[in-house]
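Worksheet for the structure shown next.
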Amino acid sequence: MIFLRRQVPLLITLITGLVFAGQYYVPHPASEQMLTSVTKWLQIIGGFALVLGVSSLFHVHAVKIRRKEAGWGYSFVLYIGMLGTIAVGLWANGKEAVDGTMTAFGWVYNFMMVPLQSTMFAILAFFIASAAYRSFRARSREAAVLLIAAVIVMMGRVPLGEYLIPLSGDLSQWILNVLNASVRRAILIGVSLGTVALSIKIIFGMERSYLGGGKE
Amino acid sequence: MKGETLDVKREQARSVCGGVVLLSAAFFLSISQAFAQTTLSPPQDVRVIDTPSDGGGSLTVLWSPAPDESAVTKYQVLLSDGATVSDPASMKVVAEFPTNQRYVRESKWPWWTRPGDSGMHQFTLKNGKGVELKNGNAYSITVAAVLNGDRVIATPVQATPEPNWVNWNQMNNLLLALLFGGIVFYAISTARKREIFLRRIPGLDAVDEAIGRATELGKPILYMTGAHDMSDPSTIAAAVILGRVAKRTAAYETDLLVPHREPITMAVCQEITKQAYLEAGKPDLYKEDSNFFITSDQFSYTAAVDGIMLRKKPAANFYMGHYFAEALLLTETGASTGAIQIAGTDADHQLPFFVTTCDYTLIGEELYAASAYLSREPVQVGTLRGQDIGKALILGVIGVGTILATLGVMFDAQWPKLFLDFFRDVK
């Protein structure tokens with residue numbers, strides 16, 4: 001049992017890890033074809049996994065409705081929304097429009113889903129303002145530096161700001177191109193090395209906790 | 001009368017002068033054309049090769065530069081199916097460009113795969129835009145020089161495109177990966193022999209504090225694994241940290257909520273959480289529903305998690321993995337509920353949002369270091385040391401490169417460029 005639960009997955013990880021690391025250096029169409037096939041397999045597995053996800057969603061919300069937990073009404077709305085969308089989707093054969101006419105499925109997507117998504121995204125502007133207000137209070141030396149840099153960049157990025165403080169344009173460019181870019185690159189170098197190190201650990205079985213954690 | 005005679009003479013003189021100017025212009029034009037015609041010679045040393053280190057369907061033509069190349073004179077690359085060409089003038093023009101462009105030195109080939117001297121011209125023919133090259137078929141290719149409508153064509157050369165099995169252009173990448181891998185293995189063996197110092201990471205020290213706080217308040221802990229799927233290293237790192245966090249929540253008997261955007265990640269995290277509860281000796285406390293799927297849609301997920309935050313008021317929120325625009329929507333809502341917030345991400349665009357709204361943020365590689373920091377296992381700690389040695393090497397090369405580039409500018413010297421080109425190609 002341990003062999004099936006541990007050794008086989010580790011062996012598969014080792015072989016596929018090495019093969020696909022090597023695939024990066026092989027430009028031959030056969031190698032590309034192999035990558036395409038495996039990507040398709042992943043998509044198929046992902047499709048099956050969606051069943052897992054949806055069943056989890058149904059189960060969690062069914063429990064909430066049954067126990068009448070706080071906010072169970074939202075779970076009820078979720079059920080209606082999900083079953084309703086599945087029904088109209090099947091009815092419209094998964095098409096948003098037929099002969100230029102919008103189907104009920106298309107209507108749900110265009111007039112419910114898209115506006116709701118836009119609303120969530122639009123809230124971001126207000127959240128940025130509130131987060132900026134909280135963070136830019138000069139409570140410490142670091143926060144004061146953040147505040148000064150933010151004011152310079154803000155002034156340099158809008159025409160009125162640059163008109164009022166002509167130097168802010170060049171200064172904000174310098175902050176973005178020199179200070180910001182160099183720090184970003186430093187972070188990216190660290191991230192890249194971390195990614196490679198983690199990949200090595202996984203391929204060679206030194207990191208196994210993703211299989212269910214612990215040492216056998 | 002005298003005045004009229006003078007005017008006539010002036011008019012005659014003007015017309016004579018004009019005629020002389022016109023004649024001179026025509027003379028010089030004809031001379032320059034004759035000169036140009038005499039200097040237009042066919043491109044020399046034309047070579048056509050199968051483009052090295054590619055997947056096929058591509059040929060590269062190389063030729064020597066002419067002595068008087070300029071933007072006025074142009075080169076045409078001509079292509080024809082088959083190994084023989086009866087009339088080169090009938091070949092299809094697939095590219096035209098000024099003669100002072102497309103040198104080997106301007107190509108993306110590193111020095112170890114350049115097919116010719118850096119001063120030679122090169123043009124790579126690929127499938128697309130009127131060109132269709134099939135692997136195994138022979139093609140005739142040549143180059144013509146064009147000036148003022150005149151064209152001289154070099155002798156066509158035959159070549160056959162073939163796919164290659166090794167991309168030698170990427171060998172620097174492979175060598176660096178092997179070198180880094182070697183450093184990591186060496187560091188691991190060192191870590192097994194003696195203890196390696198790890199600097200404090202306040203964000204990870206705060207994990208216990210956050211779980212303890214949640215236990216005291218009797219509120220759950222919310223843990224998110226990011227927007228990517230299990231093929232992304234940041235998600236794997238987040239899942240590994242989840243194992244450590246779940247072990248502590250099991251020990252403290254605190255509720256754990258892990259909403260997911262991806263079903264496979266959910267399944268993996270369920271296993272990790274289950275194992276963590278087993279290891280903590282509290283398998284009975286494990287709930288299958290602690291890991292649950294919400295949706296793959298970005299803002300629907302955000303709205304759902306924000307709702308959970310506002311209704312259940314978790315005492316601690318963990319944001320590990322990769323995030324996009326939802327980062328601030330989640331963390332700002334979390335901050336408004338008064339939860340202690342710990343983030344760890346390699347998404348450099350979202351870092352400012354996490355830093356401003358969370359109590360602790362693991363920046364970039366600290367996310368990958370978390371597993372080692374929390375477990376203190378020699379293998380994990382050794383990997384961290386390997387990363388540090390790798391960073392030290394990169395830092396050293398950047399330092400040397402900066403000094404060389406500065407010296408080159410200060411003393412107007414060319415020799416630093418050799419080293420800088422070497423660094424650029426090897427990077």
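Each chain gets a letter, A, B and so on, in the order its sequence line appears, and its residues count up from 1. Just the heavy atoms: all of them, side chains too, but no hydrogens, waters or symmetry mates, feed the values below.
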**OP:** Let me know if A:His61 has heavy atoms under 4.5 Å from chain B in its side chain, its backbone, both or neither.
**Re:** neither

Original post:
Would a distance-only check, ignoring hydrogens and angles, find a side-chain to backbone donor-acceptor pair under 3.5 Å from A:Ser56 to B:Phe293?
Top reply: yes

Subject >> Residue selection (most heavy-atom pairs with chain A, distance under 4.5 Å) from B:Leu174, B:Val166, B:Val184 >> reply: B:Leu174

Subject >> A:Leu116 side, atom CG; B:Ser300 side, atom OG - distance, nearest 0.5 Å >> reply: 7.5 Å

Subject >> Top contributor to chain B contacts, counting heavy-atom pairs under 4.5 Å, from A:Leu193, A:Ile200, A:Ile123 >> reply: A:Leu193

Original post:
For B:Asn167 and A:Val26, what are the C-alpha separation, side-chain angles and deciding distance, and is it a side-chain contact (heavy atoms from CB on, under 4.5 Å)?
Top reply: CA-CA 6 Å; B:Asn167 186 353; A:Val26 181; over 6 Å; no

Subject >> Heavy-atom contact with chain A under 4.5 Å, split by part of B:Leu351 >> reply: side chain

Original post:
Would you call A:Met120 and B:Gln298 a side-chain contact if the rule is heavy atoms closer than 4.5 Å?
Top reply: no

Original post:
Between the side chains of A:Ser130 and B:Glu332, is a donor N or O closer than 3.5 angstrom to an acceptor N or O?
Top reply: yes

Subject >> Interface moiety of B:Asp348 toward chain A, non-hydrogen atoms closer than 4.5 Å >> reply: side chain

Subject >> Proximity breakdown for B:Leu329 and chain A, heavy-atom pairs closer than 4.5 Å >> reply: both

Subject >> Under 4.5 Å from a heavy atom of chain A, the part of B:Ala325 involved >> reply: both

Original post:
Can you tell me how far NZ of B:Lys391 sits from OG of A:Ser192, rounded to the nearest 0.5 angstrom?
Top reply: 11.5 Å

Subject >> Interface residues of residues 73-81 of chain A facing chain B - non-hydrogen atoms under 4.5 Å apart >> reply: A:Tyr74

Subject >> Exercise: identify the closest heavy-atom pair between B:Pro263 and A:Ala49 >> reply: CB-O, 2.9 Å

Subject >> Toward chain A, the part of B:Ala237 with a non-hydrogen atom under 4.5 Å >> reply: both

Original post:
Out of curiosity, A:Thr195 OG1 to B:Gln387 CD, how far, rounded to the nearest 0.5 Å?
Top reply: 8.5 Å

Subject >> CZ/A:Phe58: more than 12 non-hydrogen atoms of other groups inside 6.0 Å >> reply: yes

Original post:
Side chain, backbone, both or neither: which part of A:Ala30 has a non-hydrogen atom closer than 4.5 Å to chain B?
Top reply: side chain

Original post:
Where on B:Leu328 is there a heavy atom nearer than 4.5 Å to chain A: the side chain, the backbone, both, or neither?
Top reply: both

**OP:** Please examine the side chains of B:Ile264 and A:Leu52, heavy atoms only from C-beta on, and report whether any two atoms are closer than 4.5 Å.
**Re:** no

Original post:
Top residue by heavy-atom pair count (under 4.5 Å) with chain A, among B:Gly55, B:Gly364, B:Ala369, B:Ala177?
Top reply: B:Gly55

Subject >> Part of B:Ile188 lying under 4.5 Å from any heavy atom of chain A >> reply: side chain

Original post:
Roughly how far, to the nearest 0.5 Å, is NE2 of A:His28 from CH2 of B:Trp165?
Top reply: 4.0 Å

Original post:
Just wondering, more than 12 heavy atoms not from B:Arg311 lying within 6.0 Å of its CZ?
Top reply: yes

Subject >> Nearest-0.5 Å distance that lies between atom CG in B:Asp229 and atom CG in A:Leu42 >> reply: 8.0 Å

Original post:
Which bit of B:Asp297 comes within less than 4.5 Å of chain A, counting heavy atoms only: side chain, backbone, both or neither?
Top reply: side chain

Original post:
Got more than 12 heavy atoms from elsewhere within 6.0 Å of OH, B:Tyr186?
Top reply: no

Original post:
Is it the side chain or the backbone of B:His260 that comes within 4.5 Å of chain A heavy atoms, both, or neither?
Top reply: neither

**OP:** Check whether B:Ser53 gets within reach of chain A through its side chain, its backbone, both or neither, counting any heavy atom under 4.5 Å.
**Re:** backbone

**OP:** Find the distance between CD (B:Glu366) and CD1 (A:Ile187) and round it off to the nearest 0.5 Å.
**Re:** 9.5 Å

Subject >> Heavy-atom proximity to chain B below 4.5 Å, by part of A:Phe48 >> reply: neither

Original post:
Is it the case that A:Glu207 and B:Gln380 place a side-chain donor and acceptor less than 3.5 Å from each other?
Top reply: yes

Original post:
If we only count heavy atoms from C-beta on, is the A:Val191 to B:Tyr368 side-chain gap below 4.5 Å?
Top reply: yes

Original post:
With a 3.5 Å cut-off and no angle check, do the side chains of B:Asn173 and A:Tyr25 form a donor-acceptor pair?
Top reply: yes

Original post:
Is chain B contacted by the side chain of A:Leu57, its backbone, both, or neither, given a heavy-atom distance below 4.5 Å?
Top reply: both

Original post:
Relative to chain A, which segment of B:Thr302 carries a heavy atom at a distance below 4.5 Å: side chain, backbone, both, or neither?
Top reply: both

Original post:
B:Gln170, B:Glu262, B:Arg244, B:Gln270: which one forms the most heavy-atom pairs within less than 4.5 Å of chain A?
Top reply: B:Gln170

Original post:
Does the ring centre of B:Phe353 sit less than 6.0 Å away from the ring centre of A:Phe127?
Top reply: no

Original post:
Does atom OH of A:Tyr109 have more than 12 heavy-atom neighbours, drawn from other residues, nucleotides or ligands, at distances under 6.0 Å?
Top reply: no

